[in-house]
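In what follows, chains are A, B, ... by sequence order, proteins preceding strands, each numbered from 1. Keep in mind that what you see is a predicted model, and the values were worked out from it rather than measured.
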There are 2 protein chains.
Amino acid sequence: MRLVIARCSVDYAGRLQAHLPLATRLLIHKNDGSLLVHSDGGSYKPLNWMSPPCTLTVHEPDDDQRDAGVTELWRVTHAKTADMLVVSIYETLHDTAHELGVDPGLQKDGVEAHLQKLLAEQIELAGDGYTLVRREYMTAIGPVDILARDAVGASVAIEIKRRGGIDGVEQLTRYLELMNRDPLLAPVAGIFAAQEITPQARTLAEDRGIRCLLLDYDAMRGIDDGVPRLF
Amino acid sequence: MRLVIARCSVDYAGRLQAHLPLATRLLIHKNDGSLLVHSDGGSYKPLNWMSPPCTLTVHEPDDDQRDAGVTELWRVTHAKTADMLVVSIYETLHDTAHELGVDPGLQKDGVEAHLQKLLAEQIELAGDGYTLVRREYMTAIGPVDILARDAVGASVAIEIKRRGGIDGVEQLTRYLELMNRDPLLAPVAGIFAAQEITPQARTLAEDRGIRCLLLDYDAMRGIDDGVPRLF
DNA sequence: AGTTAGATTTCGTCA
DNA sequence: TGACGAAGTCTAACT
């Protein structure tokens, strides 16, 4: 990994065209050839970048560029697409290289998969007398998060989201349309379960006879596991 | 901006919990307090990070941690949520600070907005005798990309995507349902226009009587502007 | 390899 | 300020 702090301007041409005016920025040239251009603020997204696989070549500026103050040109071209990134360097303030090695990678835990697991274990949260049929119940157009039965044995399809938006309701609607054509399952009721549900999604769901269920992740987790929070 | 190369492990607790085993990584501490943890590969997304507003505090390791080889603890806490990131530093290989100043920001050009502008200008691509009513035609559930009239004056709603997927068809369907309830507009036909359309989206659209239109961005741009590509 | 759905998404825009 | 759609999205899972 090579780290360069430089006064530079950047031009990108590919799926769109973009330009960064002259300013001091951090350039990260990774071992896989990729290049990130970061400013001293904003989120984790670089101002501009080139994803691997790509290659960086350094060029001499032409006369016009040299007159304008450019000392070096970095050209990063993508290996497959025609995307190109050109960094015009006016002044290099810092330049170091470092050997990092391969990273073992991130270990994740939690989120929607966890919510699904928790609700499957605590299916009575969906309604008194509810029983679990199975998680990831497969249909022709994809898996329904949870298939359950209510107190009198009628089928209930449950769609789980962290944040419930209109698209989630649409998704559940498609599942319900399909499943209600299956005489072995029909009639199938729907429950839209999420930590948060947008007002639009709630309106749409209720308009279609789908019940909304707000999930309290912390409470569900607190019941489920005795593992204390790390911090 | 402070750049540190260090052997470290990282723990994150917030909307999920995650852990990074001991390895050599780049730590970027930006001026707004945010911290990025990058490896020497992958895309522009860091292995882990904390978004602003947040603050970093440095702590001494406790006895157990010191015995394990930890020399320093970085604790980054988010100002509003309870999110926390803890970096356990075992060895610092590089540590520099740099003054970058405020970045003037990215100037973009192109993409879906451009496609919409081009199709509005070349509305005859949608069909012979078509005329533009207006772009971003407002409805109660959001703006339709383009409202046009066909050769005999009937309304046509056009949804434009760069990549046409099922969600785009759903979106257009919602608009059409709504607009067809308006006696001043009805009947409203639909056109789903995109550079690429997935087979699933095409099938769904045609099943609902929505016509699909493939857009050739380069050809449309070639007709529109005489500006040559920069590279 | 292609497709789909989720993301600690981030980023813009508009009501 | 909140909500919604787009992104040069990225990423993982599944076909």
Side-chain angles (χ1 to χ4, degrees), chain A residues 10 12-18 34-37 42-52 54 76 78 80-85 105-106 108-116 136 138 141-143 145 159-168 170-171 194 196-201, chain B residues 10-18 34-37 42-52 54 76 78 80-85 105-106 108-116 136 138-145 159-163 165-168 170-171 174 194-196 198-201:
Chain A
V10 182
Y12 166 77
R15 269 163 277 190
L16 60 73
Q17 290 175 236
S34 59
L35 186 79
L36 312 184
V37 181
S43 65
Y44 65 67
K45 195 177 179 183
L47 293 165
N48 219 322
W49 72 94
M50 184 64 75
S51 304
C54 62
V76 191
H78 196 272
K80 295 183 176 179
T81 67
D83 291 28
M84 183 185 288
L85 191 70
L106 187 66
K108 278 193 186 182
D109 177 45
V111 248
E112 192 193 301
H114 202 191
L115 272 179
Q116 187 191 112
E136 302 286 349
M138 211 50 191
I141 56 173
D145 288 338
E159 177 66 32
I160 300 173
K161 294 282 178 213
R162 202 167 62 75
R163 294 181 188 168
I166 280 181
D167 51 348
E170 296 286 8
Q171 190 182 341
E196 309 165 18
I197 297 179
T198 65
Q200 292 89 341
Chain B
V10 182
D11 289 276
Y12 166 77
R15 270 164 280 189
L16 59 73
Q17 291 176 237
S34 59
L35 186 78
L36 313 184
V37 182
S43 64
Y44 64 68
K45 195 176 179 183
L47 293 166
N48 218 324
W49 72 94
M50 185 64 75
S51 303
C54 61
V76 190
H78 196 271
K80 295 184 176 177
T81 67
D83 291 27
M84 183 184 292
L85 191 70
L106 187 66
K108 276 194 188 183
D109 177 45
V111 248
E112 190 192 303
H114 201 191
L115 270 180
Q116 186 190 114
E136 302 285 349
M138 211 49 189
T139 74
I141 57 173
V144 177
D145 288 338
E159 178 64 32
I160 300 173
K161 294 284 178 207
R162 202 169 60 76
R163 294 181 190 168
I166 280 182
D167 52 348
E170 298 287 8
Q171 190 181 341
R174 286 196 298 275
Q195 281 186 278
E196 308 165 18
T198 65
Q200 292 88 342

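Nearest to the side-chain atoms of Thr198(B) among the listed nucleotides dT4(C), dG6(C), dA6(D) stands dT4(C).
Residues Leu85(A) and Leu35(A) are in side-chain contact: their nearest non-hydrogen atoms beyond the backbone lie under 4.5 Å apart. Annotation: side chain of Tyr12(B) is in contact with side chain of Asp83(B) (closest heavy-atom distance under 4.5 Å).
When all heavy atoms are compared, the tightest approach of Lys80(A) to His78(A) is N-ND1, 3.1 Å. Pairing each heavy atom of Cys54(A) with each of Ser34(A), the nearest pair is SG-CA, 3.6 Å.
Per the geometry, CG belonging to Leu47(B) stands 10 Å off P belonging to dT11(D), to the nearest Å. Atom pair Asp83(A):CG and dC10(D):C1' shows a separation of 15 Å (rounding to whole Å applied). One can place CG of Leu36(B) at 15 Å from C1' of dC10(D), the figure rounded to the nearest angstrom. The interatomic distance linking His78(B) (NE2) with dT9(C) (C1') rounds to 13 Å, in whole Å. Computed from coordinates, the Asp145(A) CG to dT4(C) P distance equals 18 Å when rounded to whole Å. Atom pair Ile160(B):CD1 and dG5(D):P shows a separation of 16 Å (rounding to whole Å applied). Atoms NZ (Lys161(B)) and P (dA7(D)) sit 8 Å apart, rounded to a whole Å.
A distance of 12.5 Å separates OG1 in Thr198(B) from NZ in Lys161(B), rounded to the nearest 0.5 Å. In this structure, the separation between CD1 on Ile160(A) and CG on Asp145(A) is 5.0 Å, given to the nearest 0.5 Å.
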With sugar-phosphate taken as primed atoms, P, OP1 and OP2 and all else as base, the protein-contact string of nucleotides 10-15 of chain C at under 4.0 Å (heavy atoms; B, S, -) is SS---S
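The 5' end of DNA chain D is approached more closely, in terms of each residue's nearest nucleotide, by Ile166(A) than by the other of Met50(A) and Ile166(A). DNA chain C is contacted by both Lys80(A) and Leu106(A); Lys80(A) maps to the nucleotide lying nearer its 5′ end (nearest heavy atom per residue).
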